[in-house]
**Q** 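Could you have a look at this structure, given as structure tokens, before my questions?
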Amino acid sequence: MENIQATLNRGPAVQAAKPIKMKTKDVTVHYGAKQALNGVTLNIPENQVTALIGPSGCGKSTYLRCLNRMNDTIDIAKVGGEILLDGEDVYDPDIDVVELRARVGMVFQKPNPFPKSIFDNVAYGPKIHGLARSKQELDEIVHTSLRRAGLYKEVHDRLDEPGTGLSGGQQQRLCIARAIAVSPEVILMDEPCSALDPIATATVEELIDELRENYTIVIVTHSMQQAARVSQLTAMFHLGDLAEVGPTEKMFSNPDDKRTQDYITGRFG
Amino acid sequence: MENIQATLNRGPAVQAAKPIKMKTKDVTVHYGAKQALNGVTLNIPENQVTALIGPSGCGKSTYLRCLNRMNDTIDIAKVGGEILLDGEDVYDPDIDVVELRARVGMVFQKPNPFPKSIFDNVAYGPKIHGLARSKQELDEIVHTSLRRAGLYKEVHDRLDEPGTGLSGGQQQRLCIARAIAVSPEVILMDEPCSALDPIATATVEELIDELRENYTIVIVTHSMQQAARVSQLTAMFHLGDLAEVGPTEKMFSNPDDKRTQDYITGRFG
Amino acid sequence: MSDATANGIAATAAERKPRRDIGIGRRYAAERRFKAYGIIAIAIGLAFLVMLLTSIISKGYTAFWQTEIKVPITFTEKVLGTPEQAVKSQTKLLMANYPQLARDGLVQLLGISADDKKAVSAANGLISSGTRVTLRDMVMNDLSIIGTTEDVWLYASSELDSAMKGQYDLSVPENRRPISDLQLEYIDKLKSQGAIEERFNWGLFTFGASSRAETAGLGVAIIGSFYMMLIVLALALPIGVAASIYLEEFAPKNKFTDLIEVNINNLAAVPSIVFGLLGLAVFINWFGLPRSAPLVGGLVLTLMTLPTIIIATRAALRAVPPSIRWAALGLGASRTQTIFHHVLPLAAPGILTGTIIGLAQALGETAPLLLIGMVAFVADYPATPMEPATALPVQIYMWANEAERAFVERTSGAIIILLAFLAIMNLTAIFLRRRFERRW
Amino acid sequence: QSNQQIHVAGSSTVLPYAQIVAENFGETFPDYQTPIIESGGSSAGLKQFCQGVGPDTIDVADASRSIREKEIKACADAGVTEISEVKFGYDGIVFASSASGPDFKLTPAMIFTAMAAKVPQDGKVVDNAAKSWNEVDSSLPDQEITAFIPASNHGTREVFEEKVLKQGCEDSGAMEAFTKSGMDKDAAEEACMSVRNDGSISEISGDYTETLARIEANQKAIGVFGLAFYEQNQDKLKVATINDVVPSADTIASGEYPVSRPLFFYVKRAHLGVVPGLSEYVQFFLSEQMTGEGSPTVEYGLVPLPADERDEQVSNFENGVTLGSKS
Amino acid sequence: MSTFTIILVVLAIGLAGAFLGYRHSRALQAPAGVKPHSRPVYHASYVASWAIIPSLLLLAVWLIASPIVIESQVRGSFPEGVLAESQLTEDLAYGIVESLGNGLSVLPDDERATVTDEMPVKDLAALLRNRGLPVASASADWMVPLALDIDTMQFWSRLAMTVVVIALALAGAYWGYRQIAPRLRARNKVEGVVKGALIAASSIAIMTTIGIVFSMLFETIDFFSRISPAEFFFGTVWEPRFSAAGSTGNAGSFGFIPLLAGTLYISAVAMLIAVPIGLFAAIYMAEYADNRTRSVVKPLLEVLAGIPTIVYGFFALVTVGPFLRDLSAQISGIVTGDYASFIQAQSVLTAGLVMAIMLIPFVSSLSDDIITSVPQSLRDGSLGLGATRSETVKRVILPAALPGIVSALLLTASRAIGETMIVVLAAGVAANLTINPFDAMTTITVKIVAQLTGDLEFNSPQTLVAFALGMTLFVITLCLNVYALYIVRKYKEQYE
Ligand SMILES: Nc1ncnc2c1ncn2[C@@H]1O[C@H](COP(=O)(O)OP(=O)(O)OP(=O)(O)O)[C@@H](O)[C@H]1O
Ligand SMILES: Nc1ncnc2c1ncn2[C@@H]1O[C@H](COP(=O)(O)OP(=O)(O)OP(=O)(O)O)[C@@H](O)[C@H]1O
Ligand SMILES: [Mg+2]
Ligand SMILES: [Mg+2]
């Protein structure tokens, strides 16, 4: 356990009693006949990083995709329970999913830049949402986003080259830039670093740490270290259940749940 | 550094002076005009695990693919230098590449089972190489391979279900079973665990450790821990060069090369 | 929702960050419009399909019925000669005046005087002149029939048939329609006697070409089309797949493969009649293959279908993930093994689609056949693909140009049969596709 | 084997008749196979015919026009020197309109005035501006001029130009006016035969079925048909008289009705002894039973040759009169 | 033995050889000393290829050559002067002799035995007629011995062929069998054979092109020797006369421009209608519809591609054309008070519209496949940013699918350019040069068909122009395809 402890100690101190940004209550998901989530109740605090961990197939991605209703795109997926964003039910028929997704952005496991130029990749969101009134404003948004995603320096002289031509780590940062360009309130990240090498991973982790100031972040990861490094709250999933949730520090030092303990003391990496 | 040290201490002791299975000398690779490897000279000892590490794009996969001439499938790839397997030049026009690949098997980053039954997946290699003279012998080979890959218990009652229906970790182990079913002498693995969760990773790592007794293994990994855990020899690549090579223990405790030091002391994960 | 904390959070959020106006209403309207366009597009396509099918079927279904008349035929020795004579020489029997037998029978049935020329010729106009062959075959098969009387169902003439099906405007003056009032009277009489009946028109499927609508059938055309499809399938599919494999899997990317690629795309744009010119120049005039033969037709259609199959197959091969290829190669399979063991089976559904589209095109094509002599009157069944035959679309084309009313319904009837062929082919393909897809 | 079976190719106008004869030939002579009759146009038929002599080439070419000098030459170049020309009847060409419309009593002059591209007016040559038939002649109905005439790849077009337009041009005095206005003879003739191009006259390159369908779609139109086709569709069509003559087999055979064209087939004499049944086929074609009065072809709509002329054709064929030797 | 039997025997030998080779090879593998290079299956195929390929090639050559040899033999022995007496050419006489000879082989043995050199042809003809083989009346007595010769020669040739081919198959099998050795690279050799076959298959496309050019070239040259290319390519009037008979000797005008314009115009209108409908249908099926709807609608739409085009033609002629005409009359009546239709019954619009119906499935099915294969991750990426589905489709999916869609559209355009019957019946055959889509126009393919299948003089420019048109169209589409390849390449390079 020493090394996790070491990592935790380097991580930022958890601040107490942040307001709750998203609330989920008894969330269930069925894929056809198969139940993938059996009632998950979890509060996601504002301006913090919440990490979801757990063995493969336990429902982390499924849960994440409920938060901005990306599950709507899967025909057979049926979502039950209550999910509140700032107190509003996101599955309320009156709620507009487009607006919801603009407020709750998402970054995926595999970097998926559009086959467009770097500029257009980032400008895509602001354009469809009409966030910029002029070319200048758009430029401004794109540059800021790229800068915040720590990519600007590397690409500023080739903004009109295709985004698909970047390296894996750059592509992932481009996707993050693309997500923050629409100024979401929450950013969901599904294993954002699993395709990246350590150096690229480090850059992205630093970025997440910075973004925390302004955004609420939920991240799925397989790497215990990563969870320990970047998150303040950790939720452990197991076979569709929320096994345990708590401050990251506590989760890694003194888990309550037997399953959590087994999982994090297994060999990891 | 403590945690690496801890891992190393758990790793098997490096035995001295193993015979050399593969020798590469001044291997260069060009993709079209771009040079991806600038002369790599490296000896791969028999019955040991050699880990290749280095930042993304440094040429690890490229080097690995030279060893069994998988680069032949890329039209624009041009390979130079000398690569010897048991003293035979693998790029000798007289060498039959099919035979070579039967001797030097490969496992890929993303599990890629054939869309056939589990049995047929494993039986495919023995079939095309005519390794079994009868149905029984074939059964025997398949079962042994599955057992050695640690998959037999999980799938023995559904050998005729499609291999694509398994979980990610199971699929990767199926691919390893498939590779060992043709009794290769060397197994190349390109980031075999990057798509797996920790528990599946652990299973595969244990497997590698066992396989070492009979096979020579070369593995590319992004995870320092993994390299430390499973390998006896580590080679660090950087921008197409072999930065440093040495016993794993030494590499992680006392690297000679500045780049190696920088890389392994960076944040990792 | 009503609990205070929730409201409190909402309030703070609102304070901190005013809701943006992202033009939701406008964008949803665009979304609805876009979706509606899709539905409209599909509706348009399906509406046209329904329109075409209804018009074809409503015009053509009557072709599957044919009016027949039950006539008592006396096989008199006066006309046929005695059985003994017949055994000695068949000439008399072959050349005998069979139509007279039918006429006499009908005259007797209608109870009109044999001397009333006008009445007899009106009655004679009711039965097909094709009865010669029917009656001759009866006699030749069984000489003992000579001297007996037997009720025989004879084909009605096409005019009677069309009149029965209401295809003539009977309100126009008598001299302007092919069927006279007297004949209409006879029809009523036959009806009341129960001697006239609409029966299923098997002849439509079995007869060869004929100038008489009632004895015209698609037999030769179906055989011809069948031979040609067989040839196209046997040649175009393997050649197309082989060419695609070479181009996708083996060919180095160079000027030569570019040349082949451009060529294939271009051949898809060549008007089909030009393939007829090619067939005439190369297969008939140069290789000396026979005219009007399904073999040549099949070869021409093969060349015409190849581009379609190749384009579809290449797309299907390209869609097989490279990881499958690497997996096999990494196990020590050779390229050929990789392709035949893994890539082809995975590409099979796509290849099937291409093949079916190509075959459908080939099945419905007339223009190239015009120049190699397959747009022809062929009465006899071909024994081999080297002998003259026609094809379904050719028969449709030729019937469409016939003046007689009875051919109008037969044209539509033939189209229905052609579409049935197509449907069978499509269903087979869908079935095969399912099988290939379901396995994994 | 192609040299066991008679192989015919050519005009689609002749096809129905050739088809009837072939069918009956097969029924009457069980020894011989039913001949193959290809349709593909006189041009393609003659081209195949002139391909050469031998088992792979066709034996008979059907044509709805006579063979041309240049074609005879091309034939001879390929070794087809002995060709029998057989004329077996006429194809009457009639003008017909929808059965529900008014009657038309036409003359070539009226047709010319209605359809020509340019007409003389007060001594000047002007574009044809006639909109309705009664502008052309007051005896004609007040109906918009719309007509479907055969396209220029059709044999009928030639007859239409020669026997209707040119005739009408002369009758109406337009020819004279054209020459007076300064055209030379060729140009005047050309002007006589060019048809207006303002959409009121449409060309049809397909068959009469197409013309019929077009008339059904546009009840005001008048179209050009073969007599046979008209006779089969009398309940839908109403025929126009030309010079007050009603077209019928009789009036055409007697020459009273002016617009018709002869139908031919050409026999490769070199194949006569070689292809079994070929000369029987030709004789059968010309027999009373097949192309005489009351025969099935005539019932179908063929205008038969007068008996003596038919006999002459038979004797010409039997005596081996060939194209070269005739002239 | 019939050719078919010979082929069967050769295949059987191949199979047997393969079997023996397999056994031999397996036996080789037993001693664990040296590992055999190839598996028994490849040794077996190796033996089989040796047995089958050379012998079948020989068979093919023999089948082609032997009639030629026999013919020259027999022709050489035609008796002096007989041809002069009859009307026959050498070709025809040989044809008769040959069919007599072929007839002989049909006769049963006892009748065949009665036929001698001296037998009068009359009697032979009687024999043959009894077997249902009519004999040419020009056959003469001197032909009987020659027919017998042919029969004998054919008999011996066939016998020799049977023996030699089978012997070669056996020899091949033996040779292949002998070659089997552990280090024999049988697999590589067999795969070489396979690869050769693949290359041969793909070169058929090139041979077809050569064949097409070859079959049109001479007539095209002939045409241009009569009509100057300048007149053809730059002429704006298409008006070939029926023929020169009796009149001015003028063949008419052969301006290519109106036809090209018509082709492009009608295809463009068809594409303009078919592409949006097809694309929207494809998008709906791929992005909105559930799987059941899709699996029903897609094949249904595909039926539209299988309906014979003549049906479309009549649909245009009888239904669509008059409908548009009457509609236009109503519209102009409402607008101007004058009920004159401004759309002609035959018009570019009618043709384009009806052709578009036929083309819908080409666009919809192919595009549907392509859109479906755009990776889900792009869709997720866009939706996750808060784009609506339509925005996702318009801005992400379609651009990503563009290269594929372009090649689908190319195939569709190809179909449009090559279509004849619809244009004939819907737009007519009048070669107008106009920009009014409500007027009649016509296309190159229509004129190719019309000029080839009409009653024109076959060696006049009027007919020959069809070849020139075909050739020109071929070259034009070739250029378009080269350009399209270039564009697609460029696009691919940019975004892959
Ligand atoms: N589209 C789908 N259709 C059917 N079942 C699905 C689908 N997506 C996920 N599942 C199933 O739901 C369960 C949860 O899947 P989920 O992807 O949420 O797991 P996860 O925790 O993200 O795993 P991983 O770490 O491998 O990404 C799994 O059993 C999976 O098989
Ligand atoms: N098929 C190819 N065509 C062109 N360039 C290639 C190709 N494959 C690899 N490269 C280039 O060669 C270099 C080395 O690539 P390689 O895949 O070997 O890196 P790697 O060390 O395996 O990286 P990673 O950790 O991301 O897998 C990279 O710059 C890459 O862009
Ligand atoms: Mg997941
Ligand atoms: Mg790599």
Side-chain angles (χ1 to χ4, degrees), chain C residues 27-28 30-31 34-35 37-39 41-42 44-46 48-49 52 55-56 239 242-243 245-247 250 258-274 277-278 280-282 303 306 311 319 334 336 357 360 364 367 370-371 393 396-397 400 415 418-419 422 426 430, chain E residues 187 191 194-195 197-199 201-202 204-206 208-209 211-212 214-216 276-278 280-281 283-284 288 297 299-311 315 357 360 364 373 388-391 410-411 414 417-418 420 445 448-449 452-453 470 473-474 477-478 481-482 484-485:
Chain C
R27 287 166 61 193
Y28 266 103
E31 170 77 14
F34 195 75
K35 195 168 168 184
Y37 294 150
I39 296 179
I42 289 181
I44 291 176
L46 293 183
F48 278 123
L49 180 68
L52 285 163
S55 93
I56 295 167
I239 293 178
I245 289 177
Y246 179 72
L247 291 175
F250 287 104
D258 281 356
L259 180 73
I260 297 184
E261 170 142 15
V262 166
N263 256 307
I264 289 170
N265 288 341
N266 190 41
L267 286 180
V270 170
S272 54
I273 193 161
V274 171
L277 286 175
L278 167 78
L280 179 64
V282 174
L303 295 183
L306 265 181
I311 290 172
S334 67
T336 321
I357 292 187
L370 205 63
L371 293 169
I396 291 168
Y397 173 79
I415 292 171
L418 180 80
L419 288 179
L422 263 182
N426 269 325
I430 290 174
Chain E
R187 200 199 56 245
E191 285 176 353
V194 172
K195 196 168 165 190
L198 296 183
I199 294 179
S202 43
I204 284 189
I206 294 192
T208 310
T209 300
I212 285 177
F214 160 78
S215 58
M216 296 193 294
I277 294 183
F280 272 117
I283 289 168
Y284 188 83
Y288 290 98
V297 170
L300 274 183
L301 285 182
E302 277 166 2
V303 173
L304 284 174
I307 294 178
T309 52
I310 191 168
V311 177
F315 179 61
I357 302 171
I360 288 174
S364 69
S373 68
T388 61
R389 271 197 186 263
S390 59
E391 285 160 352
L410 268 180
L411 192 68
S414 301
I417 290 173
T420 324
T445 34
I448 296 177
V449 176
L452 271 181
T453 61
L473 183 60
F474 191 80
T477 52
L478 191 66
N481 270 303
V482 171
L485 184 74

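Note on naming: letters A, B, ... go to the chains in the order of the sequence lines (proteins, then strands), and numbering restarts at 1 for each one. Keep in mind that the numbers below use all heavy atoms, side chains included, and drop hydrogens, waters and symmetry copies.
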**Q** Which atoms of E/Ile199 come close to chain C, meaning under 4.5 Å heavy atom to heavy atom: side chain ones, backbone ones, both, or neither?
**A** both
**Q** Does any backbone or side-chain atom of E/Ile204 lie under 4.5 Å from a heavy atom of chain C? Answer side chain, backbone, both or neither.
**A** side chain
**Q** Does any backbone or side-chain atom of E/Val449 lie under 4.5 Å from a heavy atom of chain C? Answer side chain, backbone, both or neither.
**A** both
**Q** For E/Leu300, which atoms come within 4.5 Å of any heavy atom of chain C: side chain, backbone, both, or neither?
**A** both
**Q** Which answer fits C/Ala400, side chain, backbone, both or neither, if we ask what part of it has an atom under 4.5 Å from a heavy atom of chain E?
**A** side chain
**Q** Using a cut-off of under 4.5 Å on heavy-atom pairs, state which of C/Ala367, C/Ala360, C/Ala30, C/Gly45 scores highest against chain E.
**A** C/Gly45
**Q** E/Phe474 versus chain C, heavy atoms under 4.5 Å apart: side chain, backbone, both or neither?
**A** both
**Q** Which answer fits E/Leu478, side chain, backbone, both or neither, if we ask what part of it has an atom under 4.5 Å from a heavy atom of chain C?
**A** both
**Q** Look only at the side chain of C/Asn266 and the backbone of C/Val262, and say whether a donor-acceptor pair between them is shorter than 3.5 Å.
**A** no
**Q** With a 4.5 angstrom heavy-atom cut-off, is it the side chain or the backbone of C/Ile239 that approaches chain E, or both, or neither?
**A** both
**Q** Between CZ of C/Phe34 and OH of E/Tyr288, what distance do you get to the nearest 0.5 Å?
**A** 5.5 Å
**Q** Select one option (side chain, backbone, both, neither) describing which atoms of C/Phe250 are under 4.5 Å from chain E's heavy atoms.
**A** side chain
**Q** Apply salt bridge (charged side-chain N to carboxylate O under 4.0 Å, His left out) to E/Glu391 and list each qualifying residue two or more places apart in sequence or on a separate chain.
**A** C/Arg27
**Q** Compare all side-chain heavy atoms of E/Thr453 with those of C/Leu370 and state whether any distance is below 4.5 angstrom.
**A** yes
**Q** Count the heavy-atom pairs under 4.5 Å between each of C/Gly364, C/Ala281, C/Ala242 and chain E, then report the option with the highest count.
**A** C/Ala242
**Q** Could you tell me which portion of C/Leu418 (side chain, backbone, both or neither) has an atom closer than 4.5 angstrom to a non-hydrogen atom of chain E?
**A** side chain
**Q** What option among E/Ser202, E/Pro276, E/Ala197, E/Ala305 has the most heavy-atom pairs under 4.5 Å with chain C?
**A** E/Ser202
**Q** Which atoms of E/Leu304 come close to chain C, meaning under 4.5 Å heavy atom to heavy atom: side chain ones, backbone ones, both, or neither?
**A** both
**Q** Set out, in order, the CA-CA distance, both residues' side-chain angles and the distance that settles side chain to side chain contact (heavy atoms under 4.5 Å, CB included) for E/Ile206 and C/Leu259, then state yes or no.
**A** CA-CA 8 Å; E/Ile206 294 192; C/Leu259 180 73; 3.8 Å; yes
**Q** Taking it one step at a time, do C/Tyr37 and E/Tyr284 satisfy ring-ring contact (aromatic ring centres under 6.0 Å, His included)?
**A** CA-CA 8 Å; C/Tyr37 294 150; E/Tyr284 188 83; over 10 Å; no
**Q** Just wondering, do C/Thr336 and E/Lys195 contact through their side chains at under 4.5 Å, heavy atoms?
**A** no
**Q** Rounded to the nearest 0.5 Å, what separation is found between the CD1 atom of C/Ile42 and the CD1 atom of E/Ile283?
**A** 10.5 Å
**Q** List the residues meeting salt bridge (charged side-chain N to carboxylate O under 4.0 Å, His left out) with C/Glu261, not counting sequence neighbours, and say none if there are none.
**A** C/Arg314
**Q** Could you check if a side-chain atom of C/Pro271 sits within less than 4.5 angstrom of a side-chain atom of E/Leu473, using non-hydrogen atoms only?
**A** yes
**Q** Under a 4.5 Å heavy-atom cutoff, which of C/Leu267, C/Ile264, C/Val282 has the most pairs with chain E?
**A** C/Leu267
**Q** Does a side-chain heavy-atom distance below 4.5 Å link E/Thr309 with E/Thr420?
**A** no
**Q** Under a 4.5 Å heavy-atom cutoff, which of E/Leu410, E/Ile357, E/Ile448 has the most pairs with chain C?
**A** E/Ile357
**Q** What residue in C/Ile311, C/Leu280, C/Leu303, C/Leu277 has the most heavy-atom pairs under 4.5 Å with chain E?
**A** C/Leu277
**Q** What part of E/Ile212 lies closer than 4.5 angstrom to a heavy atom of chain C: side chain, backbone, both or neither?
**A** both
**Q** Can you tell which of C/Ser272, C/Pro393, C/Ser334 has the highest number of heavy-atom pairs within less than 4.5 Å of chain E?
**A** C/Ser334
**Q** Is it the backbone or the side chain of C/Ile39 that comes under 4.5 Å from a heavy atom of chain E, or both, or neither?
**A** both
**Q** Measure the CG-CG distance between C/Leu278 and C/Leu371 for me, rounded to the nearest 0.5 Å.
**A** 11.0 Å
**Q** Does any backbone or side-chain atom of E/Thr445 lie under 4.5 Å from a heavy atom of chain C? Answer side chain, backbone, both or neither.
**A** side chain
**Q** Looking at C/Leu52, C/Asn426, C/Ile56, which has the largest count of heavy-atom pairs under 4.5 Å with chain E?
**A** C/Leu52
**Q** Measure distances from C/Ile44 to the heavy atoms of chain E and classify the residue's part below 4.5 Å as side chain, backbone, both or neither.
**A** side chain
**Q** So what's closer than 4.5 Å to chain C heavy atoms on E/Thr208: side chain, backbone, both or neither?
**A** both
**Q** Can you name the nearest heavy-atom pair linking E/Pro308 to C/Leu419, along with the distance?
**A** CD-CD2, 4.4 Å
**Q** Side chain of C/Glu31, backbone of E/Ser390: donor and acceptor closer than 3.5 Å?
**A** yes
**Q** With a 4.0 Å cut-off on N to O distance, would you call E/Glu191 and E/Arg187 a salt bridge?
**A** yes
**Q** Which bit of C/Leu49 is near chain E, if near means a heavy-atom gap under 4.5 Å: side chain, backbone, both or neither?
**A** both
**Q** Under a 4.5 Å heavy-atom cutoff, which of E/Glu302, E/Met216, E/Arg389 has the most pairs with chain C?
**A** E/Arg389
